[in-house]
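Only a predicted model underlies this, so the values are computations on that prediction, with no experimental measurement involved. Computed over heavy atoms, backbone and side chain alike; hydrogens, waters and symmetry mates excluded. By convention in this document, chain letters (A, B, ...) are assigned in the order of the sequence lines, proteins followed by strands, and residues within each chain are numbered from 1.
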Amino acid sequence: MNLLSIIKRKLNMLLLMVLSLITILPIWFVISGSFMGSGEFTQSFSAVLSDTSGKVSWPLIPNYPTLRSYIELLIDTPRFFVVFWNSCKQVFPSLIGQLLIAVPAAWSFARFDFKGKRAVLTLYIILMIMPFQVTMVSTYLVLDRLGILDSHWSIILPAAFSTFPVFIMVKFFKSIPTTLFEAASIDGAGEWRIFINIGLPLGRGGIISAMILGFLELWNAIEQPLNFIKTPSKWPLTLFIPGISPEKAGISLVASVIMLLPALLLFLYGGQYLEQGIMVSGIKE
Amino acid sequence: MKKSNQAWLFLAPSFIGLIFFVFLPFGDAIRRSFTTAMGGKFVGLSNYETVVNNQAFKMALANTVKFIIICVPLLLLFSLMLSVMISSLKKLGGLFKTSFLIPLAIPVSSVFFLWKVVFHQNGLLNILLSRVGVEGFDWMSTRAFPILVFSYLWKNVGYDMVLWLAGLDTISLNLYEAASVDGANAWKKFRYITLPGLLPTVYIVTVLSILNTFKVFREAYLIAGSYPRDDSIYMLQHLFNNWFTKLDIQKMCAAAVIVALVITGIILLLQRLDRRFGEDI
């Protein structure tokens with residue numbers, strides 16, 4: 001190994017370190033900011049929050065770390081729990097809906113060949129790309145007709161039929177060796193049995209990946225609640241946090257940390273599924 | 001693969017749902033795009049004329065197109081670079097992958113506060129700039145477009161990097177070894193092995209990156225509201241949102257049909273390109 005290639009390797013490492021530090025710095029800022037007392041908070045951020053002159057500063061570690069903001073949010077802000085619960089009520093039923101609806105659909109695309117399959121699959125991809133705003137008015141019309149505007153259902157029902165999880169799971173189901181199915185059908189198993197006993201267990205990775213990606217998407221949804229839910233008491237966290245007044249920005253950081261936690265836990269425990277889910281979606285069938 | 005009508009049984013819940021929640025209502029939207037708001041009289045293309053001649057529509061369309069054209073190639077290039085750098089590592093690859101994916105977990109609503117502290121007139125970025133003797137600006141109200149480009153890159157670079165890494169995985173290591181024996185340098189290996197080997201991945205990375213450009217509205221909306229002070233980030237998403245607030249259903253329907261047609265056209269075109277180049281390999 002010559003000197004030049006060693007230098008190159010070190011430079012590569014250094015550059016990656018700098019870039020990844022820049023990428024994760026914001027998350028550190030949010031967490032460290034949530035432990036600041038209100039005095040330090042005002043001192044650090046007043047230049048930005050109340051447009052006074054002077055400069056903003058953001059210490060990497062608070063000089064006087066305190067749980068004051070946590071207490072203020074978790075004990076003195078009962079509305080936070082309502083909003084947190086709203087987020088859960090919108091996100092988890094949506095995910096369950098996606099499971100029940102998208103899993104069999106993905107199985108259908110992966111396992112069978114049928115007339116018009118290519119066209120239907122292209123249609124699913126087009127729907128996946130279509131920005132929310134394009135279908136907003138038509139979704140609004142149907143939600144209005146069903147009389148479920150301004151309720152959690154107005155978020156859950158359209159989300160349940162999302163085609164993104166179908167797209168992810170098709171690829172996973174396709175990677176199951178077909179000989180397994182052939183063996184099972186020789187043994188007399190029907191299509192439903194094959195789906196339940198072979199497809200689901202072996203496609204588990206795909207299902208988990210789709211759920212993780214779906215969770216990250218729905219947990220951060222802004223467009224749907226913004227347009228379909230008018231009553232603030234039914235808002236999810238995504239609309240509640242930006243509405244916190246600038247004087248109470250400390251609380252909003254704590255709320256952000258709490259909102260971040262489930263996503264971080266998913267990264268910690270489901271990291272490999274998340275990665276696989278992204279990876280597999282890039283592989284061509 | 002099995003040829004069977006049972007396929008439709010498995011597909012039915014999803015497909016029927018889409019008929020009721022997407023296709024029929026969108027059909028209704030198409031019908032409305034040809035009629036008046038009051039009385040529902042047929043008016044031909046006049047709603048479309050109104051939309052196409054609308055100043056805000058022209059501006060929003062131009063901004064959105066500009067955003068996609070700038071962001072998608074930048075993201076593809078940048079994430080490809082990272083993935084090549086990471087794949088050459090012997091260890092710590094997993095750690096770097098995770099750290100570049102972290103922005104996916106950061107709630108959009110906290111980006112609002114972060115960006116304010118960084119990009120404000122008295123913010124961190126300007127402090128940094130003044131250290132090297134550059135005069136800062138109020139980024140939020142005068143340079144919002146680059147902030148949005150940065151947000152998009154920051155958020156999505158990890159996602160695309162993982163997609164590229166999957167593509168890199170499919171390239172046989174033997175090819176590189178053979179090239180080394182023939183005395184090819186790093187650039188030649190990249191140009192004649194890596195790039196062609198990644199062609200099958202390009203289509204899907206592009207499609208998913210375009211999909212994610214539309215979501216940047218979340219950041220834009222939280223940072224600057226419905227009517228940003230800096231016009232350059234007024235996107236189609238803002239326009240639809242504002243027309244929706246005013247219940248301008250006719251205009252929205254016509255604009256939705258136009259945008260849906262354009263996006264469908266782009267997907268079909270990309271698919272065709274993908275098939276043409278895919279067959280070469």
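If you measure heavy-atom distances from Phe113(B) to chain A, the contacts under 4.5 Å come from the side chain alone. Contacts between Asn241(B) and chain A at a heavy-atom distance below 4.5 Å involve backbone atoms as well as side-chain atoms. Residue Leu89(B) touches chain A through its side chain alone, counting heavy-atom pairs closer than 4.5 Å. At a 4.5 Å heavy-atom cutoff, Ile30(B) makes no contact with chain A through either its backbone or its side chain. When heavy atoms are compared at a cutoff of 4.5 Å, Phe181(A) does not approach chain B at all. Heavy-atom distances place both the backbone and the side chain of Glu217(A) under 4.5 Å from chain B. Heavy atoms of Thr163(A) lying under 4.5 Å from chain B belong exclusively to its side chain. In this structure, chain A has no heavy atom under 4.5 Å from any part of Phe150(B). Contacts of Ile263(B) with chain A are made by side-chain atoms alone, with heavy-atom separations under 4.5 Å and no backbone atom involved. The part of Phe195(A) that comes within reach of chain B is its side chain, from C-beta onward, which places non-hydrogen atoms under 4.5 angstrom from that chain. Residue Phe215(A) does not touch chain B at all, counting heavy-atom pairs closer than 4.5 Å. Interface remark: Tyr221(B) contributes side-chain atoms only to the contact with chain A (heavy atom separation under 4.5 Å). Using a 4.5 Å cut-off between heavy atoms, Leu125(B) makes no contact with chain A at all. For Ile267(B), the part sitting under 4.5 Å from any heavy atom of chain A is the side chain, from C-beta outward, and nothing else. For Leu101(B), the parts sitting under 4.5 Å from any heavy atom of chain A are the backbone and the side chain alike. Within the 4.5 angstrom heavy-atom criterion, only side-chain atoms of Tyr140(A), from C-beta onward, approach chain B. Residue Leu146(A) touches chain B through its side chain alone, counting heavy-atom pairs closer than 4.5 Å. With a 4.5 Å cut-off on non-hydrogen atoms, Leu216(A) touches chain B through its side chain but not through its backbone. Neither the backbone nor the side chain of Phe119(B) comes within less than 4.5 Å of any heavy atom in chain A. Both the backbone and the side chain of Leu104(B) come within contact range of chain A, with heavy atoms under 4.5 Å apart. Neither the backbone nor the side chain of Val257(A) comes within less than 4.5 Å of any heavy atom of chain B. Of the two parts of Leu265(A), neither the backbone nor the side chain holds a non-hydrogen atom closer than 4.5 Å to a non-hydrogen atom of chain B. Contact of Leu21(A) with chain B is not made at all, since no heavy-atom distance falls under 4.5 Å. Residue contact with chain A, scored on non-hydrogen atoms closer than 4.5 Å, involves the backbone and the side chain of Leu165(B) alike. At a 4.5 Å heavy-atom cutoff, the contact between Ile129(A) and chain B is made by backbone and side-chain atoms alike.
Put simply, the side chain of Leu11(B) reaches to within 4.5 Å of the side chain of Tyr124(A), judged on heavy atoms.
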Inset, instruction - Verify side-chain contact (heavy atoms from CB on, under 4.5 Å) between Ser108(A) and Trp8(B), making sure each step is shown before the conclusion. - result: CA-CA 7 Å; Ser108(A) 168; Trp8(B) 285 101; over 6 Å; no
Inset, instruction - Would you sort out whether Leu157(A) and Phe21(B) count as a side-chain contact (heavy atoms from CB on, under 4.5 Å), showing the intermediate values? - result: CA-CA 8 Å; Leu157(A) 278 179; Phe21(B) 278 92; 3.8 Å; yes
Legend entry - side-chain contact (heavy atoms from CB on, under 4.5 Å) between Met128(A) and Leu208(B), worked out: CA-CA 9 Å; Met128(A) 171 180 100; Leu208(B) 291 172; 3.8 Å; yes
Inset, instruction - Go through Phe29(A) and Leu124(B) one step at a time and tell me if the side-chain contact (heavy atoms from CB on, under 4.5 Å) criterion holds. - result: CA-CA 12 Å; Phe29(A) 274 164; Leu124(B) 292 174; 4.0 Å; yes
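Counting all heavy atoms, side chain and backbone alike, Gln133(A) lies closest to Phe240(B) at O-CD2, 3.4 Å. For the residue pair Leu222(B) and Pro242(A), the shortest heavy atom distance occurs at CD2-CG, 3.4 Å. Minimum interatomic distance between Phe26(B) and Val134(A) (heavy atoms only, all atoms of both residues): CE1-O, 3.9 Å. Pairing each heavy atom of Arg218(B) with each of Ala221(A), the nearest pair is NH2-CA, 3.9 Å.
Lys215(B) has no carboxylate O lying under 4.0 Å from a charged side-chain N of Glu223(A), or vice versa, which leaves the two without a salt bridge.
The candidate with the highest count of non-hydrogen atom pairs below 4.5 Å against chain A, out of Pro13(B), Ser130(B), Cys253(B), Gly17(B), is Gly17(B). Considering only heavy-atom pairs separated by less than 4.5 Å from chain A, the leading option among Ser14(B), Ala29(B), Ala256(B) is Ser14(B). Taking chain A as the reference chain and counting heavy-atom pairs below 4.5 Å, the highest number among Ile106(B), Ile86(B), Val259(B) is found for Ile106(B). The candidate with the highest count of non-hydrogen atom pairs below 4.5 Å against chain A, out of Val118(B), Asp28(B), Val117(B), Leu92(B), is Val117(B).
Note: Arg32(B) CZ to Ser138(A) OG = 10.5 Å, rounded to the nearest 0.5 Å.
Aromatic ring pairs are classed by plane angle as parallel below 30°, tilted from 30° to 60° and perpendicular above 60°; the pair Trp192(A) and Phe10(B) is parallel.
At a heavy-atom cut-off of under 4.5 Å, chain A is reached by Trp154(B), Tyr159(B) from residues 153-160 of chain B, listed in order of number.
Heavy-atom contacts from other residues, nucleotides or ligands closer than 6.0 Å to CZ of Arg145(A) number 12 or fewer.
A side chain to side chain contact (heavy atoms under 4.5 Å, CB included) with Ser99(B) holds for exactly one of Ile24(A), Leu16(A), Thr23(A), Leu19(A); it is Ile24(A).
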